[in-house]
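Chain A is the first sequence line, chain B the second, and so forth, proteins listed ahead of strands; every chain is numbered from 1.
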2 protein chains.
Amino acid sequence: MSRPADGPAKEQGGRRAETRQRLYRAAADLIAEQGFAATTVDAIAERAGVAKGTVFYNFGSKEALFAGLLDHGIERLAGALAEAARGPATSPVAVLDALMLAQLRFFDEYGPFARVLLAELWRAAWQDAVLRLRTSVLAVYERVLADAVEAGELRPGFDTGTAATAVFGMVLTVAIERRALRPDQPVEDVHATLVELVHRRISP
Amino acid sequence: MSRPADGPAKEQGGRRAETRQRLYRAAADLIAEQGFAATTVDAIAERAGVAKGTVFYNFGSKEALFAGLLDHGIERLAGALAEAARGPATSPVAVLDALMLAQLRFFDEYGPFARVLLAELWRAAWQDAVLRLRTSVLAVYERVLADAVEAGELRPGFDTGTAATAVFGMVLTVAIERRALRPDQPVEDVHATLVELVHRRISP
DNA sequence: TCTTTTGCACTGACCAGTCGGTGCAAAAGA
DNA sequence: TCTTTTGCACCGACTGGTCAGTGCAAAAGA
């Protein structure tokens, strides 16, 4: 028997939940380096310090493990952004700055996930995850930009959808590059550069 | 004994060169959809209308085919940007606008390559290609930003390296999203939004 | 007791790379 | 002129290895 594989259910502090966390972390590390298809279940299990059977006992399949990983990461990212959006910032544009900083920090401490997202997100196989990213992450950016339009800080008719994607992609790219090439540069410096880019200080 | 595999040599209009072009195109299409590891050589050969042996005759290995594809694409992108930079724009910031439009257009007509770049570029295996991208593509952005600093259009000390990556990543992300989700939106509109974002019009 | 994890042998599909061979056009004899 | 040779580009059946997923009995929690 023994075929629960009930999919990633409640993520709490039980024994099973802890095993799943370890598997998520191991999978994220390896998939960030090699990609989904090139990463073997044996390798994930070994890195997590777990028997191979445990992976299938918990997730049922390699794909389901990955889907769970995407969900888990997107949920946490969305949480971090939502919290930043609730912060003390005074104007929509100040909230935008806070969002960029939050995203930068999130990817700074959960870096492999950033690379997984970037590399695998556009595959047709994970369209659910893309949708979730759009509704729970990009939507935060878009809302803030719409607020800015409403507050008169941006021209009416400004394409907030495209702009939201643009800012998200910009921060994601920069976060990955910084981790790979300039790990010593403080996140705050990078953030300052991006703020300057997106605000008024370009063009005289 | 028939073992040329001289690697991607001169790309001219001969029979071989044409076969290689077809293989590049097929590989880009398939790898954009499925990723490098998940794409089989059989599938690439079939899509290109060529026997499997021909792939190995021309490139020697799956990896070499992919390396050639990256080089080929990066070279063309660099060419497109360099040409835009030589255009009639009057100020550094106007050149920056022209670069973004050129990048957007390039990925618009060579879309699968954009996704390949985004997905595979950060793997340790293709560090050569990353280096080439940095020195031949990002460098164009960085130079123009440095010109802007020199012309007083940007604050002295502005981090042109980070900003170059940021702009490149922003345009790349938006180009992919547009192709996937809003193929009808004119490239010029997207460009206008990005220009607005990067110029002065955000924040009062 | 019930759930979760372990360890390990096994299977079957799939896939990169190989190798003997084909077609063809242009050069080299004769 | 006719025929033989050479070299290039390509073909596709085949092989050896890899890997997701299975089955199961025994141990470890809780």
Side-chain angles (χ1 to χ4, degrees), chain A residues 1-27 30-31 33-69 120 123 125-126, chain B residues 1-27 30-31 33-69 120 123 125-126:
Chain A
M1 298 293 106
S2 76
R3 195 79 320 194
D6 35 11
K10 292 286 94 212
E11 318 266 304
Q12 303 299 344
R15 189 168 160 229
R16 241 189 129 166
E18 210 216 309
T19 302
R20 283 186 174 156
Q21 289 299 321
R22 290 230 302 282
L23 284 170
Y24 281 153
R25 165 139 271 159
L30 291 169
I31 294 175
E33 284 163 25
Q34 313 173 325
F36 172 75
T39 300
T40 68
V41 174
D42 290 84
I44 296 172
E46 189 187 347
R47 166 82 68 115
V50 142
K52 183 184 185 177
T54 303
V55 177
F56 290 96
Y57 179 77
N58 275 280
F59 291 98
S61 74
K62 183 188 175 185
E63 288 216 349
L65 161 60
F66 187 62
L69 169 64
E120 309 287 346
R123 310 250 178 279
W126 323 117
Chain B
M1 284 271 95
S2 75
R3 196 74 324 197
D6 35 13
K10 294 285 97 214
E11 319 265 305
Q12 303 299 343
R15 185 164 164 227
R16 247 192 122 162
E18 210 218 309
T19 301
R20 283 189 174 152
Q21 288 301 321
R22 290 230 302 282
L23 284 170
Y24 281 153
R25 164 140 270 159
L30 291 170
I31 294 175
E33 284 163 26
Q34 312 174 324
F36 171 76
T39 299
T40 68
V41 174
D42 290 85
I44 296 173
E46 188 186 350
R47 166 84 67 118
V50 142
K52 185 183 193 174
T54 303
V55 177
F56 291 95
Y57 176 76
N58 275 281
F59 292 97
S61 73
K62 185 187 175 186
E63 288 216 349
L65 161 61
F66 187 61
L69 169 65
E120 308 287 346
R123 309 249 181 277
W126 323 116

Student: What pairs with B:A38 under side-chain contact (heavy atoms from CB on, under 4.5 Å), at least two apart in sequence or on another chain?
Tutor: A:A37, B:Q34

Student: Which angle, to the nearest 10 degrees, lies between the helix axes at the two ends of the helix from C:dT1-D:dA30 to C:dA30-D:dT1, each defined by five pairs?
Tutor: 20°

Student: With sequence neighbours left out, which residue pairs that include part of residues 51-68 of chain A fulfil the salt bridge (Lys or Arg N to Asp or Glu O under 4.0 Å) condition?
Tutor: A:D42-A:K52

Student: Who passes side-chain contact (heavy atoms from CB on, under 4.5 Å) against B:A26, sequence neighbours left out?
Tutor: B:I44, B:R47, B:A48

Student: Dump the pairs, protein N or O against N or O of nucleotides 16-19 of chain D, anything under 3.5 Å, distances to one decimal.
Tutor:
none

Student: Which of the following nucleotides, D:dC10, C:dT5, D:dA20, is nearest to the side chain of A:F56?
Tutor: D:dA20

Student: When you check the phosphate oxygens OP1 and OP2 of D:dA20, does a side-chain N or O of A:S61 lie under 4.0 Å from one of them?
Tutor: no

Student: At under 4.0 Å, does any side-chain N or O of B:N58 touch on OP1 or OP2 of D:dA9?
Tutor: no

Student: Considering residues at least two apart in sequence or located in another chain, which fulfil the side-chain contact (heavy atoms from CB on, under 4.5 Å) criterion with B:E46?
Tutor: none

Student: If you check every side-chain atom of B:Y57, which of D:dA9, C:dG7, C:dT4 has the closest atom?
Tutor: D:dA9

Student: Does a side-chain N or O from B:T54 land closer than 4.0 Å to OP1 or OP2 of D:dA9, or not?
Tutor: no

Student: Taking only residues two or more places apart in sequence or in another chain, which ones pass side-chain hydrogen bond (donor to acceptor under 3.5 Å, both in side chains) with A:R25?
Tutor: none

